[in-house]
Asker: 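Handing you this structure, nothing more for now.
Whatever order the structure lists them in is the order used to number ligands and atoms, beginning at 1.
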Amino acid sequence: MANRDLSELTIVEAARGLRAGDFSSRELTQSCLNNIRQKDKEIGAFLSVFQDSALSQADLVDQALANRKELPALAGIPLAVKDNILIHGHRCSSAANILKSYSAAYDATVIKKLRDQGSVFIGKTNLDEFAMGSSTENSAFQVTRNPHDPERVPGGSSGGSAAAVAAGESLAALGSDTGGSIRQPAAFCGLVGLKPTYGAVSRYGLMAFASSLDQIGSLTKTSEDSCLIFRAIRGRDPMDTTSREGRFSQGREMSKLRVGIPQQCFGEGISSEMIKWMKRTIDHLKDLGAKTVSIDLSGLEYSLPIYYVIAPAEASANLARYDGLRYGQAELAESLKETYAQTRSRGFGLEVKRRIMLGAYILSAGHYDAYYQKAHKAKKLIQLEFGKALQKVDLILTPTTPGLPFKIGDRVDNPVEMYLSDLLTVSANLTGLPSVSIPVGREGKLPVGMQLIGPDFSEEFLLRVGSHLEWLS
Ligand code: GLN
């Protein structure tokens with residue numbers, strides 16, 4: 001281990017090394033900070049870096065280790081946090097101009113839980129403004145590049161979190177996923193990305209985008225690391241009434257596993273590379289003794305238009321709170337109405353305005369029934385269809401994305417093409433089911449991710465299966 005850059009370690013390896021006295025948490029943290037200094041000008045993963053507080057958090061853990069205290073698994077581990085999750089006393093901008101001077105007044109529940117474990121918060125990462133986007137190009141502040149190919153996007157909206165981990169600037173990171181924002185960047189950056197069951201993790205202190213779909217989860221190098229973070233952050237929280245305690249299932253052994261393969265994954269809109277990797281993953285599963293079952297899941301096709309009705313509708317209501325008076329900066333004008341108008345027109349970016357307008361239209365008196373109500377009915381049908389499928393099979397396999405990471409600038413002027421990146425991920429948000437993206441291989445230098453979807457609270461089972469699929473080795 002002596003010659004290895006400490007930032008390359010997984011959480012499990014680092015936790016072992018810390019306890020064996022091979023290195024300190026300060027050294028581990030410093031190795032991430034060094035990478036940030038050397039690489040982040042190019043990569044652009046971080047919006048803020050907490051050098052001093054991170055090193056003092058690391059020192060506290062080192063002291064406790066020197067006193068031979070038993071410490072939780074994540075003690076002394078450097079973590080990056082998406083900049084839409086509140087850390088007390090630090091700026092939290094959601095990569096939006098309207099919040100550029102907003103400082104968080106409290107810790108999100110997930111932060112409090114990780115703080116109690118002794119985790120080291122290394123900084124806040126870039127995202128698409130208010131988590132709306134699939135490439136991190138919608139940030140008001142900077143573009144983030146994919147460490148595997150800096151000409152390409154890292155995915156989004158948790159692109160900063162994914163790039164930070166892939167570049168060795170942090171050992172793992174937190175993200176949020178409303179329609180794929182953890183899984184798609186994880187796939188593009190060669191990481192494991194977990195979107196937990198809706199309600200498994202408290203959303204208190206997460207800036208709301210679409211409240212019926214939002215979940216906090218992690219981006220890690222391995223499934224094992226993902227499990228450690230999930231165990232640390234899950235659970236009911238009185239501050240989030242949608243959060244609940246789950247009955248976690250361990251699922252079946254690999255040799256008894258039945259994996260559903262939706263026919264839709266070989267159809268229109270899925271690239272030939274993804275189909276090839278889908279087939280390789282199926283072969284690998286069969287080698288491990290699993291049985292694959294072809295299923296028809298039309299919900300996969302219908303989820304995207306439904307998502308793009310429900311998500312903007314909820315976003316337009318949630319973002320009404322940013323009027324310049326309650327949070328962040330106001331553009332003061334002659335009248336209150338004019339102040340709102342000025343603040344919101346200057347404070348929000350193009351994509352966010354597009355969603356607010358779409359959402360307001362969908363919720364308006366003449367259109368509510370035709371769009372919003374109808375989308376909810378369709379969502380119910382998709383939930384039923386997935387529920388039925390998961391009675392026949394233990395889990396569902398799909399590619400995480402329809403294609404490989406695209407070039408920076410390629411899709412910014414074409415919102416519909418950008419929305420199509422979410423084709424395969426949004427159904428897990430509409431159904432609330434847990435879902436994980438696993439890196440299975442590379443196409444040239446670009447990572448490829450496959451997605452597993454399972455029944456409510458099957459996270460640990462999905463991650464166990466995922467650990468057998470990592471890089472198909
Ligand atoms: N890309 C999707 C969107 O733009 C999902 C975003 C997310 O999961 N936060 O809405």
Asker: Which atom pairs, one a donor and one an acceptor, fall under 3.5 Å between side chains of residues 356-369 and the rest of the protein, sequence neighbours left out?
Answerer:
{"residue": "Tyr361", "atom": "OH", "partner": "His367", "partner atom": "NE2", "Å": "3.1"}
{"residue": "Ser364", "atom": "OG", "partner": "Tyr361", "partner atom": "O", "Å": "2.6"}
{"residue": "Ser364", "atom": "OG", "partner": "His367", "partner atom": "ND1", "Å": "3.1"}

Asker: I'd like to know if the side chain of Ser437 pairs up with that of Thr400 as donor and acceptor (distance under 3.5 Å, no hydrogens or angles considered).
Answerer: yes

Asker: Tell me the ring pair (Phe, Tyr, Trp, His ring centres under 6.0 Å) pairs involving residues 440-468, sequence neighbours left out?
Answerer: Phe248-Phe457

Asker: Tell me, with the steps shown, if Leu213 and Tyr307 meet side chain to side chain contact (heavy atoms under 4.5 Å, CB included).
Answerer: CA-CA 9 Å; Leu213 310 167; Tyr307 171 85; 3.7 Å; yes

Asker: Answer with yes or no whether the side chains of Ser161 and Lys82 bring together a donor and an acceptor at under 3.5 Å.
Answerer: no

Asker: Give the residues near ligand 1 by chain and number, with the criterion being a heavy-atom distance under 4.0 Å.
Answerer: Ala131, Met132, Gly133, Ser134, Ser157, Asp177, Thr178, Gly179, Gly180, Ser181, Phe209, Tyr307, Tyr308, Arg355, Asp422

Asker: Taking ring-ring contact (aromatic ring centres under 6.0 Å, His included) as the test, write out the residues that go with Phe266, two or more places apart.
Answerer: none

